[in-house]
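Both backbone and side-chain heavy atoms feed into the values below; hydrogens, waters and symmetry mates do not.
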Amino acid sequence: MSSDKKDQDFEFSFENPAYRARYWHTCSHVLAQAVKRLYPEIKLAIGPSIENGFYYDLDSPFPITPEIMEKLETEMRKICKEKLKLERFELPRDEAIKFMRDREEPYKIELIQDLPDGEPISFYKQGEFTDLCAGPHLDSTGRIKGNAIKLTACNAAYWRGDASKASLQRIYGIAFPKKDELDAYLKRLEEAKLRDHRKLGRELGLFMTDELVGRGLPMFLPKGYTIWRILENYIREKELKTGYQHVLTPCVGTVDLYKTSGHWEHYKENMFPAMEIEDESYVLRPMNCPHHMRIYANRAHSYRDLPVRIGEIAHDFRFEASGVLKGIERGRHFCQNDAHLFVTPEQIKDEFSKVCDLIFETYKDFHITDYRCILSLRDPADKIKYHDDDAMWNQAENALREVLTDLGIEFTEEIGEAAFYGPKLDVNVRPAVGAEYTLSTCQLDFCLPMKFKLTYIDADGTEKTPVVLHRAILGSLDRFMAYLIEETMGAFPAWLAPVQAKILPVTDRAIDYADQIRNKLESMGFRAETDSRNEKIGRKIRDAQLEKIPYMLIVGDRDIENQTVSPRHRSGGDLGAMSFDRFAGILKQDVDEKKQ
């Protein structure tokens, strides 16, 4: 089923990621062929397979509309039915350039010109269509199930991911061997849309974005900031109880600071450009490690002082490409629940264990149960991405592996996912929809303490270099909040909800009593509102349910007379008339026990 030299021991199954990549890569060529058949004036850029499907970048003189995408889908099905054989061939560089120049494909010419000397320049032909490609592919378009193809979206994309280059249109697609698999996938997509934190954040008034402020710079509205503040207070209290000292550091630093840390060498492309001020260069910080290193270096330390645990809810900035920005899940500004633990080598296991305890206690409070632990290691062959010190890496990776094993934590290992200065434990959550991603992390670092010449005086009077644990429990508060929004679909548990109770007077006569109830709740530290609009009670209840308020307190003439409230839970359950004190007790128990 491959157009290349027959693979040996290759699993031709959609369960095999390598075969799935071939399948989707071939689909991208089918899409490109459909584009050139229907709209020959469009220029082709690149069309790879990706984690979930495929895409093709196009330079089109007109917008790719949903109607155009439907026409392309229809043509793709025809191409699949034609069962066109995919044939690979190679050309010398000059002939390859002429081949694409004759077809007026400037992006392909640029790709060919950038290929290293001596590298084969290969093409794949299917029917009348030929594309520059390294492969591999299926052997025929007939292998693709035409009625199980769906073009899902069209977004803007920069040529080669560079904002200074041409703006293209990227068509995304998905395909499966069976129609019912496509239907199930599309159903999951619809659920994802319902859970999308950007949609829910807008509807519930949690946060906003504004083009005049800038892309990737979300702003939290009062209700959203209430949740944000609850998260901040929650983790700060947890950390204070376990010996952390909190600091506040500036959002900028000199370029020299990041040259010392190594971030300038290894992370510069993810940082905002430097600002020149009074003959000094400053940058918005992408992370807080260098600032915390300098805080530790501010005074001398004895082994008796260690561990030193420095924590901060820190504002950070990273220059993310516009195509990957996603609400508060991934922005150019975010707040990390960051901390750095300066420890002796003998303290690594105990402190790492305490970090793991803090992670898993936090997950228990938020009812996070679907996650896995990953030991992220460097790629030894990559001398550019990682600090080049084999002995340091072997020591750090072996130490972290040993600690995880001794603690009985199940983990898998992934090559190439470490930070540039050290290996790390990543805790990846599996959300209700979409791919898993990292929430919490703990990194073991022998590198930065040496770069910053950090020391402590050991028991024998000698000067030693501490080891640093970089850790984030909630990760960034922004991403953690996006996760919670999508998991709960905005129906936050009472302890997290921006409004825990809304009092709904049945008539205008009950408004004053409703305000008294609200005031009493607020005096007890609860978050409450009164709906005093001139609307029927049914409308008030529906609106409160749409706002996903945990409790609605309906009050009318009888409640005024009996000094009661009539609570209703958002799940639809009427709890019956009861005293205010009894209801306050129910709400307090929900909050204290962090009930879902």
Side-chain angles (χ1 to χ4, degrees), residues 1-3 14 19-88 100 103-108 111 122-157 159-160 166-179 181-182 185-186 189 323:
M1 295 176 71
S2 168
S3 61
F14 207 69
Y19 175 76
R20 200 159 57 237
R22 290 189 188 193
Y23 194 97
W24 285 335
H25 194 180
T26 306
C27 287
S28 77
H29 279 228
V30 172
L31 168 57
Q33 184 175 13
V35 167
K36 296 304 283 187
R37 279 187 179 182
L38 299 181
Y39 309 100
E41 66 272 33
I42 291 178
K43 307 302 179 188
L44 302 178
I46 58 171
S49 64
I50 53 177
E51 184 179 3
N52 283 303
F54 57 93
Y55 71 76
Y56 217 109
D57 285 349
L58 311 169
D59 190 346
S60 171
F62 48 81
I64 305 296
T65 63
E67 292 73 24
I68 289 175
M69 289 171 64
E70 284 184 18
K71 291 178 182 178
L72 291 172
E73 275 183 21
T74 301
E75 192 63 31
M76 290 176 72
R77 294 187 186 103
K78 290 181 183 177
I79 293 169
C80 293
K81 286 183 179 179
E82 291 170 17
K83 299 181 180 180
L84 302 174
K85 185 178 179 182
L86 275 84
E87 300 173 291
R88 183 182 187 276
M100 281 303 170
R103 285 157 177 75
E104 299 181 351
E105 295 289 358
Y107 298 100
K108 303 294 183 180
L111 290 171
S122 59
F123 296 82
Y124 280 80
K125 182 180 184 300
Q126 56 196 61
E128 83 289 353
F129 176 73
T130 302
D131 202 357
L132 172 74
C133 187
H137 285 283
L138 305 180
D139 61 358
S140 167
T141 62
R143 300 287 187 187
I144 299 169
K145 186 75 170 176
N147 69 350
I149 294 174
K150 181 67 179 177
L151 300 181
T152 55
C154 182
N155 298 329
W159 170 232
R160 305 187 108 168
S167 180
L168 307 174
Q169 295 183 75
R170 176 173 294 177
I171 298 179
Y172 287 94
I174 190 71
F176 293 91
K178 296 179 181 178
K179 176 68 162 56
E181 291 175 328
L182 173 65
Y185 177 83
L186 295 177
L189 278 187

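Summarising the geometry, atom CD belonging to E41 is positioned 4.5 Å from atom CZ belonging to F62; distances are rounded to the nearest 0.5 Å. The distance from atom CG of L44 to atom CG of L31, rounded to the nearest 0.5 Å, is 9.0 Å. Distance check, rounded to the nearest 0.5 Å: CG of L38 to CG of L72 gives 5.5 Å. Here CG of D131 is found 7.5 Å from NE2 of H137. Values are rounded to the nearest 0.5 Å. T152 contributes atom OG1, which lies 13.0 Å from atom OH of Y55 (distance to the nearest 0.5 angstrom). In this structure, the separation between CG on L111 and CD on E105 is 10.5 Å, given to the nearest 0.5 Å.
For Y56, there are no ring-ring contact (aromatic ring centres under 6.0 Å, His included) partners two or more places apart in sequence or in a different chain. Residues forming a side-chain hydrogen bond (donor to acceptor under 3.5 Å, both in side chains) with Y185 (at least two apart in sequence, or on another chain): none. In this structure E73 satisfies the side chain to side chain contact (heavy atoms under 4.5 Å, CB included) test together with R77, K150, L151, sequence neighbours excluded. Shown here are the ring-ring contact (aromatic ring centres under 6.0 Å, His included) partners of F54, two or more places apart in sequence or in another chain: there are none. Listed by chain and number, the residues in a side chain to side chain contact (heavy atoms under 4.5 Å, CB included) with A157 are D57, R170 (sequence neighbours excluded). Taking S167 as the reference, nothing meets the side-chain hydrogen bond (donor to acceptor under 3.5 Å, both in side chains) condition, with sequence neighbours excluded. The side chain to side chain contact (heavy atoms under 4.5 Å, CB included) check on K85 picks up E87, with sequence neighbours excluded. In this structure, the side-chain hydrogen bond (donor to acceptor under 3.5 Å, both in side chains) partners of Q33, at least two apart in sequence or on a different chain, are Q126, E128. T130 is linked by a side chain to side chain contact (heavy atoms under 4.5 Å, CB included) to F89, F99, F123, K125, counting only residues two or more places apart in sequence or in another chain. Scanning for side-chain hydrogen bond (donor to acceptor under 3.5 Å, both in side chains) contacts around K83 gives an empty result, with sequence neighbours left out.
Residues I174 and L189 form no side-chain contact, since every pair of their non-hydrogen atoms from C-beta on lies 4.5 Å or further apart. The shortest distance between side-chain heavy atoms of C80 and I149 falls below 4.5 Å. Between Y107 and L168, the closest side-chain pair of non-hydrogen atoms falls below 4.5 Å.
The nearest pair of heavy atoms linking P136 to H25 is O-ND1, 3.8 Å. Nearest heavy atoms, I64 versus C154: CB-SG, 3.6 Å. The heavy-atom pair separating K108 from A45 by the smallest distance is NZ-O, 2.8 Å. Nearest heavy atoms, C27 versus A175: SG-CB, 3.6 Å. A pairwise comparison of heavy atoms in A32 and F129 identifies CB-CZ, 3.6 Å as the closest pair. Nearest heavy atoms, A134 versus S122: CA-OG, 3.5 Å.
Of the charged side-chain nitrogens involved, none lies within less than 4.0 Å of a carboxylate oxygen, so that R20 and E181 do not count as a salt-bridged pair.
The salt bridge (charged side-chain N to carboxylate O under 4.0 Å, His left out) contacts involving residues 42-56 comprise K43-E104, where partners must be two or more places apart or lie in separate chains. Sorted by first and then second residue, the pairs that involve residues 60-72 and meet side chain to side chain donor-acceptor pair (under 3.5 Å), not counting sequence neighbours, are T65-E67.
Under the 3.5 Å distance criterion, the side-chain polar atoms of K36 are matched with a main-chain donor or acceptor of I42. Not a single donor-acceptor pair under 3.5 Å links the side chain of K81 to the backbone N or O of G142.
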For the pair M69 and Y172, evaluate side-chain contact (heavy atoms from CB on, under 4.5 Å) and give the outcome as yes or no after the intermediate values.
CA-CA 10 Å; M69 289 171 64; Y172 287 94; over 6 Å; no
Show the numbers, then the answer: is there a side-chain contact (heavy atoms from CB on, under 4.5 Å) between Y39 and L58?
CA-CA 11 Å; Y39 309 100; L58 311 169; over 6 Å; no
Would you please test R160 and I46 for side-chain contact (heavy atoms from CB on, under 4.5 Å) and show each step?
CA-CA 9 Å; R160 305 187 108 168; I46 58 171; over 6 Å; no
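Using a 30° and 60° split on the angle between ring planes, F14 and W24 fall in the perpendicular class, above 60°.
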